[in-house]
Protein chains: 2
Amino acid sequence: MILVVQLTQSLQRRKSLYEQTYEALREGILAGKLLPGDRLIETQIAQQLQVSRTPIREALRQLQQEDLVVADGSGWLRVATVSATEAVQLYNCRIALETLSVTEACAQASPAQLEQLVQCVTQAEALAERSPDAALSQQLLALDYRFHHLIAESTGNGCLVSLLEQVFNKMMLLRLQTTRHNPGVLEVRQEHQEIYQAIAQREVKTAVAAVTSHLKASKSRVVKELTQLKS
Amino acid sequence: MILVVQLTQSLQRRKSLYEQTYEALREGILAGKLLPGDRLIETQIAQQLQVSRTPIREALRQLQQEDLVVADGSGWLRVATVSATEAVQLYNCRIALETLSVTEACAQASPAQLEQLVQCVTQAEALAERSPDAALSQQLLALDYRFHHLIAESTGNGCLVSLLEQVFNKMMLLRLQTTRHNPGVLEVRQEHQEIYQAIAQREVKTAVAAVTSHLKASKSRVVKELTQLKS
DNA sequence: CGCTTGTATACCGCATACAATGTAGAAGCT
DNA sequence: AGCTTCTACATTGTATGCGGTATACAAGCG
């Protein structure tokens, strides 16, 4: 368990140490520096980040509530793992929420927000031109989430955004356990394009259909891989 | 701001003070002892609950992440308020999630879980016989949430359960701002009955339709009341 | 040889002390 | 009076210490 993060010591006192610790840990988990199943020990983290245990405790509690960190049988905190069945459940929730998301987006999205969506899509397009490597696929993955996140935000429904964030968190955890190299980025860009078009033209049914099939495709890819891994 | 809760001092050390504090505060908020907008001051709470600030800080962080407590402009923590537009958004999310909930319940619910559902419905039925007062309507409200919660749990989808809990939390906050006496409990029991029947008979479409109309009815009642209050 | 028991240690829960920061109220100036 | 400035205080942020508890490993006993 190695966190090579240097917290901003003196400059920019805006963010509390608690917040910085939280972000460092979260980042560490989602970026794969802390692997699912790893134990998280307050004293160790305190030593590595050079802060006292108090802000760390708060950060851990928060991560625990987000289900990125779980207490195992004897109460030790560990980085959460996602099983195959949980993956399916996660996707089902995501589909339910994103169906609402695109529906409301069709009704609510402002021109500026649509513009952001386009940029997100074209950025991915541009990135995909480059020769594929691990870092690139990380970036594409980030853009993928950003795309879905932008749609959610364009609804103006804060509740929806925070619920989806919850789901995305565990989703990224899931990715860590499957492929480091996102498999379907090529098709994905095409599908994002379709989703965007439907939203821009306010065609609710088309948008819902597009996002549903997009997610179902992703779901079946992940599930397939997970079950293969097990055997 | 008065919390008259005596934490179990010596017996049952199973629950940490942090957890007890969390529950005390949560209970205080949801039961209306702490009103939306009230400031939450660490030192005051510490004095009232006779614990140090450390566990309180952790509890507050957790409540903050659940959106039951929010930081206002100058960083003070306050009990969250729910606006009329948030109420609508909340209901929309709830409908999306509960649609999934009954769908999966139709497929997954075990006989034992269906039995629990029946008991929940009949309990409400029995309670409704008694002469109505404030305490009774509180109990009926609790049974209402329990009913929906049981459905979610019967899906076996833990992710869904925790997302819905999130929504229910704020929902109860919303109720505090509208009526103390739940308006539609009479119709509600009828609708619950229908939902249960549909799930028991594994009729997905009927169940979805029933739960959707149930929630939409509730939504329009709440929205109506909120807009009336404003004028 | 296995089971219990003892002991050292690692870790956590909570309390407390101190530092930093922001807010309110009073005093002083115009 | 109205405005500014300064001080005192209230509150939160962070560090640390102490005590309890569980765990692991070793020694003693059956």
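Everything quoted here is computed from the prediction, not taken from an experiment. Per chain, numbering begins at 1; letters A, B, ... match sequence-line order.
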Legend entry - Salt bridge present between A:Glu27 and A:Lys33 (N-O < 4.0 angstrom): no
Legend entry - Heavy-atom side-chain contact between B:Cys159 and B:Leu163 under 4.5 Å: yes
Inset, instruction - Please determine, for the side chain of B:Leu17, which listed nucleotide (C:dC14, D:dT11, C:dC12) has the closest atom? - result: C:dC14
Inset, instruction - Mind calculating the distance between CD (B:Glu42) and P (C:dT16) to the nearest angstrom? - result: 15 Å
Inset, instruction - Grab the CD-P distance between A:Glu19 and D:dT14 for me, whole Å please. - result: 10 Å
Legend entry - N/O (side chain, A:Ser52) to phosphate O (OP1/OP2, D:dA15) under 4.0 Å: yes
Inset, instruction - Using only side-chain N and O atoms of A:Arg57, determine if any of them is under 4.0 Å from OP1 or OP2 of C:dG13. - result: yes
Legend entry - A:Thr43 side chain, from C-beta outward: closest of D:dA15, C:dA17, C:dC12: C:dC12
Inset, instruction - Quickly work out the A:Gln50 CD to D:dG13 P distance and round it to whole Å. - result: 22 Å
Inset, instruction - Evaluate the ring planes of B:His192 and B:His148, with Trp represented by its six-membered ring, and classify them as parallel (under 30°), tilted (30 to 60°) or perpendicular (over 60°). - result: perpendicular
Legend entry - Spacing between B:Ile45 atom CD1 and D:dA10 atom P, to the nearest angstrom: 17 Å
Inset, instruction - Give the nucleotide from the list C:dA15, D:dT14, C:dG13 with an atom nearest to the side chain of A:Arg53. - result: C:dG13
Inset, instruction - State, without any angle test, whether A:Glu66 and A:Tyr22 hold a side-chain donor-acceptor pair at a distance under 3.5 Å. - result: yes
Legend entry - Nucleotide D:dA22, atom P - distance to CD1 of A:Ile41 in whole Å: 17 Å
Inset, instruction - Let me know which of B:Leu226, B:Leu176, B:Leu173 forms a side chain to side chain contact (heavy atoms under 4.5 Å, CB included) with B:Val82. - result: B:Leu173
Legend entry - Length of the CG-C1' vector between B:Leu49 and C:dA15, whole Å: 15 Å
Inset, instruction - Quickly work out the B:Gln44 CD to D:dT11 P distance and round it to whole Å. - result: 6 Å
Inset, instruction - Select one nucleotide: of C:dA17, D:dT23, C:dG13, the one nearest the side-chain heavy atoms of A:Trp76. - result: D:dT23
Inset, instruction - Would you indicate which nucleotide in C:dA15, C:dC11, D:dT14 comes nearest to any side-chain atom of A:Ser16? - result: D:dT14
Legend entry - Distance, rounded to the nearest Å, where A:Glu58 contributes CD and D:dG13 contributes P: 8 Å
